[in-house]
Engineer: 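Quick one: structure below, then a few questions.
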Amino acid sequence: MVNRRMKTVTLKKLKDKLAKNKNPWIFSGAIHSADKGIINGETVKVLDSEKRFIAYGFYSEFSAITLRLFSWNEDETFGAGVFKQRLTSALAARKRLINSENTDSYRLLYGEADGLPGYIADIYSGHVGLQVNTASAVYYLPMMKEALTEIISPLSIYVRPADELAKKEMIRYPEQCIYGNTPESIIIKENGLKISASLISGQKTGYYFDQRENRRIAAAYARGQDVLDCFCYTGGFSLNASANGAKSITSVDSSADALSNLKENFALNGLEAPDTVKADIFEYLRERNADSQKHDIIILDPPKLAKSQSSVEQALRAYKDLNMLGMKKMKNNGIFISFSCSGRVSREDFIKSVAWAAKDAGRTLRITGFLSQSCDHPINPFFPESEYLKGIVGIVE
Ligand code: SAH
């Protein structure tokens, strides 16, 4: 495709400031006019009200986010080269940041933050899990495939559509393997531990790489300690704590599949299996309110509790309840580690809900550290939405 012939979209006056400041999202309300016949998903040239070039962007006809900008350089010719350049740069950053002796699996490409909106690519020991979030991500899949095979020579590429694809972008794309053969499960290495993960049937893209560094941070406190890992999934925190000499571990999750995967992971590493409990954490902690057993370390890593803007208030109450229930089970001087992965809940509001939780639990919390998503989920400073995981570590008395 040649940029000269590219269709254009013109923004309203005074609605172009964020775009000019490199924020990649443009909502439908900011658009003044668009050329006729733009195909859903196609690349367009975005202009200001004086018809001056701002950026190139991906067009989503049906989404409230109509444009996702990916290049502010008018001379950059659109084509597979753009995909290759973004992947090369993303790979160089991961190679620089991640210790490949201990970790062979990570997020290679994190959408807008890596200059390719709509795509998330995770590496699982040489296999690629590719999430497509937008009409453009599907439209340009052949270019993405070409770039991935050339830049990283993967063993296979397995594509999964994000929930938004059908709901917000009106595109149906069935999950499928588009290159090589993706096995049902893959043994990956993270922080020196073996983990069996599934690109095909695991939650989200299969494994939560965003907690890799926090697992190490939590594990550093674990020697000789009694640990309660809430929302343990396949054992990310539990495994790191066990390998670091935890005395005892209780791992709790509502998913039986996740717990059986967790046990498999302990066996893979020759570690003694922890106590596993299949339960709703809220109920589990409430029921245990009266028992006297308390823990040296508690980890709370719930799923996204605020799924939309309208559910933020409700989510904040849930975070408060959860953290209150957790803090009640802490030993004196215990280490409390708590997260929110809701992009819509700000760090400030999350900390407030934890503070109220401490008050209602009748405990004193001193925050000793702030946690975020791991380095392979970089944050674009012009795009605060790329920061979604926030956590605290603290001492509870
Ligand atoms: N800590 C994990 C990731 C947690 S993802 C890791 O390090 O990999 C969130 C987990 O919470 C999922 O495994 C999901 O099954 C579980 N879950 C969701 N709602 C739950 C609930 N109400 N009670 C218990 N577990 C829940």
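When a ligand or atom number is given, it counts from 1 through the structure's own listing order.
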Engineer: Does Phe70 have its ring centroid less than 6.0 Å away from the ring centroid of Phe58?
Structural biologist: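 Yes; Phe58 has its ring centre under 6.0 Å from that of Phe70.
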
Engineer: Is Ala279 touching ligand 1 with its side chain, its backbone, both, or neither, if touching means heavy atoms under 4.0 Å apart?
Structural biologist: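 Only the backbone of Ala279 comes within reach of ligand 1.
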
Engineer: Given Asp280, Asp210, Leu322, which has its nearest heavy atom closest to atom 22 (N) of ligand 1?
Structural biologist: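 The option holding the nearest heavy atom is Asp280.
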
Engineer: Numbering the atoms of ligand 1 from 1, which are under 4.0 Å from a heavy atom of Tyr233?
Structural biologist: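 Here the atoms of ligand 1 in question are 2 (C), 3 (C), 4 (C), 8 (O), 13 (O).
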
Engineer: Please check whether Thr234 reaches ligand 1 - meaning an N/O of the residue sits under 3.5 Å from an N/O of the ligand, judged on distance alone.
Structural biologist: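 Between Thr234 and ligand 1 (N or O atoms, distance only) the closest approach is not under 3.5 Å.
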
Engineer: Quick one: list whatever passes side chain to side chain donor-acceptor pair (under 3.5 Å) with Thr234, sequence neighbours left out.
Structural biologist: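 Once residues adjacent in sequence are excluded, Thr234 has no partner under the side chain to side chain donor-acceptor pair (under 3.5 Å) criterion.
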
Engineer: Is the shortest N/O to N/O distance between Asp229 and ligand 1 below 3.5 Å?
Structural biologist: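 Not met; the criterion fails.
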
Engineer: Any idea which of Phe209, Phe231, Tyr208 brings a heavy atom closest to atom 2 (C) of ligand 1?
Structural biologist: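 Shortest heavy-atom distance from atom 2 (C) of ligand 1: Phe231.
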
Engineer: Between Phe231 and Phe282, how do the two ring planes meet: parallel, tilted or perpendicular, split at 30° and 60°?
Structural biologist: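 Rings of Phe231 and Phe282: perpendicular, as their planes differ by over 60°.
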
Engineer: If the threshold is 4.0 Å, N to carboxylate O, is there a salt bridge linking Glu101 and Lys189?
Structural biologist: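 Salt bridge: no.
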
Engineer: For ligand 1, find out whether one of its N or O atoms is nearer than 3.5 Å to an N or O atom of Phe282.
Structural biologist: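 No; the residue has no nitrogen or oxygen that sits under 3.5 Å from a nitrogen or oxygen of the ligand.
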
Engineer: With sequence neighbours left out, write down each residue that passes ring pair (Phe, Tyr, Trp, His ring centres under 6.0 Å) with Tyr388, or none if nothing qualifies.
Structural biologist: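 Per chain and number, Tyr388 pairs via ring pair (Phe, Tyr, Trp, His ring centres under 6.0 Å) with no residue.
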
Engineer: Taking only heavy atoms of Ser255, which atoms of ligand 1 are found under 4.0 Å from at least one of them?
Structural biologist: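 Every atom of ligand 1 under 4.0 Å from some heavy atom of Ser255: 15 (O).
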
Engineer: Just wondering, do Asp122 and Phe209 contact through their side chains at under 4.5 Å, heavy atoms?
Structural biologist: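 Answer yes - side chains close enough.
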
